[in-house]
There are 2 protein chains.
Amino acid sequence: MDKHELRRAGLKATLPRLRILQLLEERAVSHMSAEDVYRALLEAGEDVGLATVYRVLTQFEAAGLVSRHHFEGGHSVFELNQGEHHDHIVCSECGHIVEFIDPIIEERQNRVAEAHGFRLADHALVLHGICTDTKCERRARGR
Amino acid sequence: MDKHELRRAGLKATLPRLRILQLLEERAVSHMSAEDVYRALLEAGEDVGLATVYRVLTQFEAAGLVSRHHFEGGHSVFELNQGEHHDHIVCSECGHIVEFIDPIIEERQNRVAEAHGFRLADHALVLHGICTDTKCERRARGR
DNA sequence: CTAATTGCAAAAGCTTTGCAGCGCA
DNA sequence: TGCGCTGCAAAGCTTTTGCAATTAG
């Protein structure tokens, strides 16, 4: 039950919070902006305010339920914290996002950070490139 | 002469452009936001508009003279393109930035990207961590 | 001289905040 | 019931854009 998850995070189990949590859980690969979440809820007939979406997502982030990424200039995207850590490749052309884990990079990251007197707290790494995937190109055309 | 650099980039050698280019060259480790550049110029007695700073930095980026990074949420920072490519570690606490190159990560990045159907165009990588450096901690306190 | 460039101010995104009313515990 | 939460609207920030005046080549 999602209610418990919210309680555990010290948050009242209100309708907007439940809906937003559900929405993030539904979408397997969910890198949604606040705006995305807002529109999805409106389309689903829910009556929430954009401000609430921002507030809830920020609270979720503080509670460790979601991660916020600043992929491209402008807006943030949110993602449910589930399972293992992973990193991202973002297509500069179409915004397509792919998750990956590379043990060697993971290890080197820590070494590099250590060598420069850093403790890798949140361990975030983002590659920017151009996607040559068919699906991605289709998306790019669709813009 | 900086004038030549601008001409080569197809840009008229105007005073604001020269000043901005000089400013970026002066500061050895220069990760400046548009606002930083603007204020630095004002303090130096130059009479430029913030809009011009943004326009010039964007043109410089297009010309390959500078790189733009979206380190933290909110604002971009600019850096002169000199010498070799490098990546960054950003301290989440104090904003302190360290540059590094790790050949192994470089190589893995390309492999990972390739394996996922991406061509690494701009090759940007940013680590976020907490800096334990003395100099950095001093900075953090100074905030 | 002509086209590019600038400064100012206004506008455009994304995100946060103030506040009165509604809802969970 | 009481405090937390929500929605709306307004404000905040960074960045972009329109336009008349200015300047480089």
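We name chains A, B, ... by the order of the sequence lines, and we start the count at 1 in each one. Worth saying up front: this structure is predicted, and the values here are computed from it rather than measured.
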[X] [atom1] - [N] [atom2] separation (whole Å):
{"X": "His70(B)", "N": "dT15(C)", "atom1": "NE2", "atom2": "P", "answer": "14 Å"}
{"X": "His75(B)", "N": "dG12(D)", "atom1": "NE2", "atom2": "C1'", "answer": "15 Å"}
{"X": "Gln59(A)", "N": "dT16(C)", "atom1": "CD", "atom2": "P", "answer": "11 Å"}
{"X": "Arg17(B)", "N": "dG25(D)", "atom1": "CZ", "atom2": "P", "answer": "10 Å"}
{"X": "Phe78(B)", "N": "dT14(D)", "atom1": "CZ", "atom2": "C1'", "answer": "11 Å"}

**Contact list for DNA chain D against residues 41-48 of chain A - heavy-atom distance below 4.0 Å** =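 When residues 41-48 of chain A is checked for heavy atoms under 4.0 Å from DNA chain D, the hits, listed by number, are Asp47(A), Val48(A).
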List the atom of [X], the atom of [Y], and the distance in Å for their closest heavy-atom pair.
{"X": "Leu42(A)", "Y": "Glu46(A)", "answer": "CD2-O, 3.5 Å"}
{"X": "Ala40(B)", "Y": "Leu23(B)", "answer": "CB-CD2, 3.7 Å"}
{"X": "Ile20(A)", "Y": "Val53(A)", "answer": "CD1-CA, 4.0 Å"}
{"X": "Met32(A)", "Y": "Leu24(A)", "answer": "SD-CD2, 4.1 Å"}
{"X": "Phe118(B)", "Y": "Gly129(A)", "answer": "CD2-C, 4.2 Å"}

**Prompt:** Can you name the side chain to side chain donor-acceptor pair (under 3.5 Å) partners of Ser67(B), sequence neighbours left out?
**Reply:**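 By the side chain to side chain donor-acceptor pair (under 3.5 Å) rule, Ser67(B) matches Asn81(B).
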**Prompt:** Considering residues at least two apart in sequence or located in another chain, which fulfil the side chain to side chain donor-acceptor pair (under 3.5 Å) criterion with Glu79(B)?
**Reply:**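 Scan of Glu79(B) (side chain to side chain donor-acceptor pair (under 3.5 Å), adjacent residues dropped) gives His31(B), His69(B), His86(B), His88(B).
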**Request:** Take nucleotides 20-25 of chain C nucleotide by nucleotide from the 5' end and write B, S or -, depending on whether a protein heavy atom sits under 4.0 Å from the base, only from the sugar-phosphate, or from neither.
**Result:** ---BBS
Report, one line per pair, each donor and acceptor closer than 3.5 Å where one atom sits in a side chain of residues 7-17 of chain A; sequence neighbours left out.
from: Arg17(A); atom 1: NE; to: Lys12(A); atom 2: O; distance (Å): 3.1
from: Arg17(A); atom 1: NH1; to: Gln59(A); atom 2: OE1; distance (Å): 2.7

Would you tabulate the pairs of protein nitrogen or oxygen atoms and nucleotide nitrogen or oxygen atoms of nucleotides 16-21 of chain D closer than 3.5 angstrom?
from: dG18(D); atom 1: O6; to: Arg55(B); atom 2: NH1; distance (Å): 3.3

**Prompt:** Looking at Glu107(A) and Arg111(A), does any basic side-chain N land under 4.0 Å from a carboxylate oxygen?
**Reply:**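 Counted as a salt bridge, because a side-chain N and a carboxylate O are separated by less than 4.0 Å.
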**Heavy-atom neighbours of Glu114(B) CD exceed 12 at 6.0 Å** =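 No, CD of Glu114(B) has 12 or fewer neighbouring heavy atoms, counting only those of other groups under 6.0 Å.
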**Message:** At less than 4.0 Å, is any side-chain N or O atom of Ser33(B) found next to OP1 or OP2 of dT14(D)? Yes or no.
**Reply:**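 For dT14(D), neither OP1 nor OP2 has a side-chain N or O of Ser33(B) closer than 4.0 Å.
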**Request:** Could you tell me the separation between the OG atom of Ser76(A) and the CD atom of Glu35(A), rounded to the nearest 0.5 Å?
**Result:**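 Result: 12.5 Å between the selected atoms.
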